[in-house]
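Convention: sequence-line order gives letters A, B, ...; per-chain numbering from 1.
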Amino acid sequence: MVASRAIGSLSRFTASRTFRCTGYICRNFTGSSALRTRTHVNYRVKGDVAVVRINSPNSKVNTLNKELQSEFVEVMNEIWASDQIRSAVLISSKPGCFIAGADINMLGACKTADEVRQLSQEGQRMFEKLEKSTKPIVAAINGSCFGGGLEVGLPAAFDMMLTGRNIRADRAKKMGLVDQLVDPLGPGLKPPEERTIEYLEEVAVTFAKGLADKKISPKRDKGLVETFYLTELTSYAMNIPFVRQQVYKKVEEKVQKQTKGLYPAPLKIIDVVKTGIEQGKDAGYLSESQKFGELAMTRESKALMGLYHGQVTCKKNKFGTPQKEVKHLAVLGAGLMGAGIAQVSVDKGLKTILKDATLTGLGRGQQQVLKGLNDKVKKKALTSFERDFIFSNLTGQLDYQGFEKADMVIEAVFEDLSLKHRVLKEVEAVIPAHCIFASNTSALPINEIAAVSKRPEKVIGMHYFSPVDKMQLLEIITTEKTSKDTTASAVAVGLKQGKVIIVVKDGPGFYTTRCLAPMMSEVIRILQEGVDPKKLDSLTTGFGFPVGAATLVDEVGVDVAKHVAEDLGKAFGERFGGGSLELLKQMVSKGFLGRKSGKGFYIYQEGVKNKSLNSDMDSILESLKVPPKPDVSSDEDVQYRLVTRFVNEAALCLQEGILATPTEGDIGAVFGLGFPPCLGGPFRFVDLYGAQKVVDRLRKYEAAYGKQFTPCQLLIDHANSSTKKFYQ
Amino acid sequence: MASILTYTFRNLPNTSKLALGFSVRPLSCSSQLRAAPVAQTKSKKTLAKANIRNVVVVDGVRIPFLLSGTSYKDLMPHDLARAALSGLLHRTNVPKDVVDYIIFGTVIQEVKTSNVAREAALGAGFSDKTPAHTVTMACISSNQAMTTGFGLIASGQSDVIVAGGVELMSDIPIRHSRKMRKMLLDLNKAKTLGQRLALISKFRLNFLSPELPAVAEFSTNETMGHSADRLAAAFSVSRLEQDEYALRSHSLAKKAQDEGLLSDVVPFKVPGKDTVTKDNGIRPSSLDQMAKLKPAFVKPYGTVTAANSSFLTDGASAMLIMAEEKALALGYKPKAYLRDFVYVSQDPKDQLLLGPSYATPKVLEKAGLTMNDIDAFEFHEAFSGQILANFKAMDSDWFAQNYMGRKTKVGLPPLEKFNTWGGSLSLGHPFGATGCRLVMAAANRLRKEGGQYGLVAACAAGGQGHAMIVEAYPK
């Protein structure tokens with residue numbers, strides 16, 4: 001769903017695709033000179049085949065921007081006009097990327113829906129021409145091919161609705177997206193990537209010739225449409241208006257359920273398709289460009305584009321190249337986190353030691369890594385041999401053997417300061433001088449951990465999120481003594497592990513835990529006021545959080561939540577109040593630790609999907625019940641009480657310098673805590689929703705509850721000045 | 001090629017016939033003039049080393065290599081190995097009790113005779129006091145058998161070794177599925193009727209689908225032909241070049257067969273069938289005919305076809321190797337010395353079949369020789385595309401610098417010295433048996449053609465490779 005995801009990832013595949021040629025004659029109007037050199041698109045004629053090469057200058061990827069589009073149209077017009085040319089091949093000169101879709105900056109630069117609509121229409125015209133080409137066109141795709149890029153390479157007779165999924169090459173062939181696959185080549189007389197593109201071109205040219213000579217027919221047993229919907233019967237059924245209405249209704253319901261109405265795009269796409277089917281192609285295209293224009297101007301679009309840019313920023317190492325690259329990593333503690341960190345490290349080729357205190361603990365951790373890799377084999381993302389090879393990067397052990405070669409040690413032992421101190425001292429006795437000691441903790445201040453270190457400049461915090469192999473965020477915490485090179489090294493390791501990284505200053509709860517804690521306190525308060533956990537979950541997911549608030553407590557672990565709430569409560573006082581800690585304490589004492597113990601707010605059973613409420617909670621909730629305040633207890637108020645506390649604390653983190661930039665705050669909140677992506681993060685939310693409105697809400701709740709809702713100075717400043725924005 | 005002609009002048013009346021298949025070169029030097037300079041221009045007079053025993057090949061034989069599914073199809077692997085061993089006994093008259101050890105190479109193992117060397121030796125009438133073991137290293141299994149024997153002799157552990165190899169592709173072990181095997185094994189252990197019924201109740205129809213062995217890399221799951229096609233594409237080897245090379249192999253093999261040069265072949269009376277005397281896979285075709293074939297692996301645009309690949313073959317080979325002094329003491333006139341050898345390995349995905357390119361320079365350097373010193377090249381031809389890709393790799397400075405850690409290219413083996421009696425493409429390629437055939441071809445060619453050094457090289461599954469120098473025994 002997140003637009004940025006489609007562009008950030010690169011599926012390595014090489015494919016060759018043939019257009020279906022319809023018998024329509026398309027004439028071009030301009031006879032421009034073939035000599036002109038263009039910057040994005042050029043072509044050369046080989047025999048009677050034009051080879052069109054797409055190569056955006058100074059960029060790793062080709063994106064569909066205005067220049068590329070207009071040059072492409074020029075080139076295609078020349079090709080259609082030429083008597084010599086009988087067919088064409090489209091290919092990118094960039095290894096690993098065909099066209100990565102529309103240029104987000106181009107869309108971002110548009111001020112009005114009309115501008116976007118025009119862009120969209122230009123694109124449509126281009127695709128329509130391709131679709132109606134009298135000369136066969138073969139798209140030779142090497143690497144990522146997204147969005148509009150896919151449309152260039154697609155049977156243009158069918159416009160796709162795309163979710164943000166990656167489709168592997170062999171799967172694409174099965175779906176009928178591509179006609180032929182070309183396997184990447186190994187070393188020969190040139191670098192493999194170079195020769196692979198050349199070979200792809202050779203194969204594509206042969207196909208283009210064959211199509212033009214009618215030696216190869218572009219026959220396809222099953223087109224996309226057929227695969228997805230149409231057998232003879234359904235195709236007949238779709239001709240009945242009543243059936244069509246039912247299909248639309250079903251699809252809409254499904255989308256509504258998945259998006260909770262928070263993302264406008266999918267519904268509009270269905271609208272467009274409906275228009276196309278009911279009122280014909282032209283109306284469909286017109287509606288598509290209009291709706292696209294409208295969508296580009298929505299808050300959601302701005303929020304998601306902001307996240308995309310933020311993610312790009314947080315995938316760079318602004319601390320420079322570390323003096324020594326980390327090649328040998330050691331992870332202490334083979335628990336959920338430790339094993340997860342080991343997994344994302346070994347599969348990027350880092351030699352990793354996983355150390356635990358007991359054989360049982362170690363075995364559990366090793367099994368977790370193996371299972372993670374095995375799941376990838378099942379999804380065919382890895383071969384079983386690659387899995388074995390990757391797993392060989394992991395050494396499981398109970399002692400400190402080999403630590404003398406470690407470049408970085410990440411400890412992920414239990415969250416207990418004295419234990420962390422013991423581990424730090426033990427490790428420092430065996431590691432080399434350059435080795436970095438990173439602590440994976442969600443709340444213990446790093447400078448307290450570093451207090452017993454002989455070399456505090458080498459101590460840093462690396463806060464991973466669970467499950468490590470799924471959660472993209474890494475929060476790196478620097479103390480005043482942490483050296484810049486240590487930070488650079490930690491960021492480099494995180495990037496290697498595929499993480500999106502924010503770097504924050506040390507302090508209780510750092511950034512992420514600190515923002516979450518007041519919201520959690522409010523969750524408790526709301527539950528005390530008698531809101532059912534299921535209802536609370538639906539209110540929070542309805543606001544855009546991926547996981548409901550009560551479920552989140554169960555997932556994190558009630559004991560952990562209690563621990564954090566106590567620690568941060570001490571550090572920040574009444575601002576973190578509201579809910580009664582007693583609730584968590586009683587839950588812990590009864591063994592309701594959440595998912596891990598099988599019971600929390602809900603009951604968890606292996607294999608049971610629909611979890612039911614834990615009825616034993618009733619008495620606890622009953623004993624701590626407080627009366628709700630009617631003027632601030634509407635569904636909307638409940639939602640905003642949670643979100644404004646979160647946002648207020650985030651702003652305070654920026655105000656206090658824990659956070660360096662609002663971008664990092666937004667990325668951390670969305671990727672680490674599940675802040676609604678459609679809102680773009682707490683800072684983007686303030687910009688788009690309006691700081692004044694946020695402050696007004698806080699004041700209202702402050703009046704009802706007290707200081708925990710007092711807006712911070714930064715928010716007040718923003719509310720007082722209409723020109724102050726976190727993003728200019 | 002000049003040396004081939006030298007031999008021809010001396011022994012064969014009809015020279016024009018031999019010259020047919022080769023590009024005609026001026027026959028300027030006479031046989032007497034040629035013989036002397038050959039020895040003088042060598043980098044080294046001999047590869048004998050102080051303190052290391054000389055290892056010699058007394059002789060070697062093979063039964064005819066047949067397309068799988070033909071005359072040998074009802075036999076078992078040890079039957080073929082037995083025939084090769086009997087042929088060796090017959091050819092060399094070696095007293096059975098002097099043989100210290102027998103080693104055989106094989107790839108696809110018959111489970112009943114997993115140590116096929118021992119079963120075949122017993123059946124071939126060798127002494128039951130002679131131990132035997134079986135080795136496996138894909139297509140260089142019998143090379144491994146030879147070099148294992150070499151090690152035993154050179155280190156003074158043994159004096160007389162029989163090394164060989166066997167493959168029977170007509171019958172391969174097709175297994176029950178893992179689930180079925182598990183159920184059958186559990187049934188074996190079940191004690192009561194109830195336990196048995198409980199197990200049987202778990203049976204599902206899909207348990208019956210069999211497991212077939214494939215000629216595919218375990219690590220990459222890619223078939224060798226597919227990898228060969230990608231390799232040919234990586235080195236820009238065209239379909240035509242591949243077909244031409246395959247045609248050359250078949251034409252040369254045909255000639256060698258017609259002229260009786262394949263003297264290592266021994267006849268084999270197949271039980272219940274006629275005596276087989278000749279390889280049956282040699283079938284020179286025309287380029288037009290070959291061009292009609294569709295690609296066999298990368299469809300529809302690949303370049304590797306049935307005609308330019310080696311075919312599935314049944315066959316066995318065996319060699320008698322000894323310490324030189326032992327051979328002489330027994331009154332033998334050896335055919336050749338086995339000299340330096342190397343094994344190499346590289347990426348099993350993209351460089352699966354490039355073993356010869358890596359092994360050739362390494363063995364030459366080890367022996368202190370250059371390409372020019374070699375009079376007979378015998379390379380295993382898995383695919384035309386593989387041979388030609390290796391040629392291009394050996395002829396490329398870029399490849400040498402970027403992948404082999406060399407400053408300059410290895411250099412191209414001259415075609416007139418290369419596989420001049422045919423190769424695996426035409427003679428056939430019983431995986432486990434090819435190595436001995438290569439060494440015997442090199443030894444026999446050196447004897448007939450008058451050269452001194454031969455170089456044997458082969459690629460093997462797993463991205464491995466092998467090369468060995470064979471030195472002619474002075475006449």
Side-chain angles (χ1 to χ4, degrees), chain A residues 12 14-18 49 89 95 138 140 142 168-170 173 178-211 215-220 377 380-392, chain B residues 216-223 225-239 294-295 297-304 346-354 357-358 385-386 388-405 409-410 412 461-463:
Chain A
R12 167 130 175 88
T14 307
S16 154
R17 144 115 234 131
T18 314
V49 183
V89 166
V138 175
N142 176 12
R168 283 153 32 88
D170 51 353
K173 171 119 198 285
V178 295
D179 293 306
Q180 293 296 337
L181 296 182
V182 173
D183 283 299
L185 299 180
L189 301 173
K190 285 176 185 171
E193 301 76 29
E194 205 179 300
R195 174 64 193 145
T196 299
I197 290 195
E198 210 177 85
Y199 178 54
L200 174 66
E201 185 183 310
E202 287 167 18
V203 173
V205 166
T206 321
F207 271 95
K209 274 210 176 86
L211 285 167
K215 278 187 188 153
I216 304 170
S217 63
K219 70 161 185 219
R220 218 167 276 137
V377 173
K380 297 204 171 154
L382 284 180
T383 68
S384 55
F385 174 77
E386 285 165 332
R387 172 202 62 204
D388 297 349
F389 186 75
I390 289 170
F391 195 64
S392 74
Chain B
E217 283 296 298
F218 180 75
S219 59
T220 62
N221 225 4
E222 186 181 24
T223 61
H226 197 278
S227 188
D229 206 312
R230 285 198 303 116
L231 185 72
F235 283 95
S236 308
V237 179
S238 72
R239 167 78 182 265
K294 287 195 171 139
F297 302 99
V298 177
K299 296 162 187 174
Y301 54 84
T303 52
V304 173
Q346 56 283 328
D347 169 21
K349 180 160 176 43
D350 290 333
Q351 303 196 35
L352 181 69
L353 304 170
L354 285 180
S357 296
Y358 285 89
Q386 164 257 334
L388 295 170
N390 273 286
F391 280 177
K392 294 205 179 190
M394 291 163 85
D395 200 27
S396 160
D397 283 325
W398 187 87
F399 188 82
Q401 285 155 6
N402 287 284
Y403 288 93
M404 301 176 75
K409 63 189 180 186
V410 179
L412 215 50

Where do [X] and [Y] come nearest, in terms of heavy atoms and distance?
X: B:Asp229; Y: A:Tyr199; answer: OD1-OH, 4.3 Å
X: A:Pro187; Y: B:Asp350; answer: CD-CB, 3.6 Å
X: A:Leu189; Y: B:Ser396; answer: CD2-CB, 3.4 Å
X: B:Pro300; Y: A:Phe207; answer: CG-CZ, 3.9 Å

Portion of A:Thr206 that has a non-hydrogen atom of chain B nearer than 4.5 angstrom: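 For A:Thr206, there is no contact with chain B at all, as no heavy atom is under 4.5 Å.
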
Using non-hydrogen atoms only, which part of B:Lys349 is less than 4.5 Å away from chain A: side chain, backbone, both, or neither?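 It is neither, since no heavy atom gets under 4.5 Å.
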
Measuring heavy-atom distances to chain A, does B:Phe235 have an atom under 4.5 Å in its side chain, in its backbone, in both, or in neither?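 For B:Phe235, the contact with chain A is made by backbone and side chain together.
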
Residues in side chain to side chain donor-acceptor pair (under 3.5 Å) with B:Lys392, at least two apart?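 Side chain to side chain donor-acceptor pair (under 3.5 Å) list for B:Lys392, sorted by chain: empty.
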
[X] vs [Y] side-chain heavy atoms within contact, under 4.5 Å:
X: A:Val182; Y: B:Tyr301; result: yes
X: B:Glu222; Y: A:Asp183; result: no
X: B:Ser236; Y: A:Lys190; result: no

Qualifying salt bridge (charged side-chain N to carboxylate O under 4.0 Å, His left out) pairs with a residue from residues 393-405 of chain B, counting only residues at least two apart or across chains: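 Sorted result for residues 393-405 of chain B: B:Asp395-B:Lys409.
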
When B:Ser227, B:Ala393, B:Ala389, B:Ala234 are compared by non-hydrogen pairs under 4.5 Å with chain A, the top option: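 The answer is B:Ala234.
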
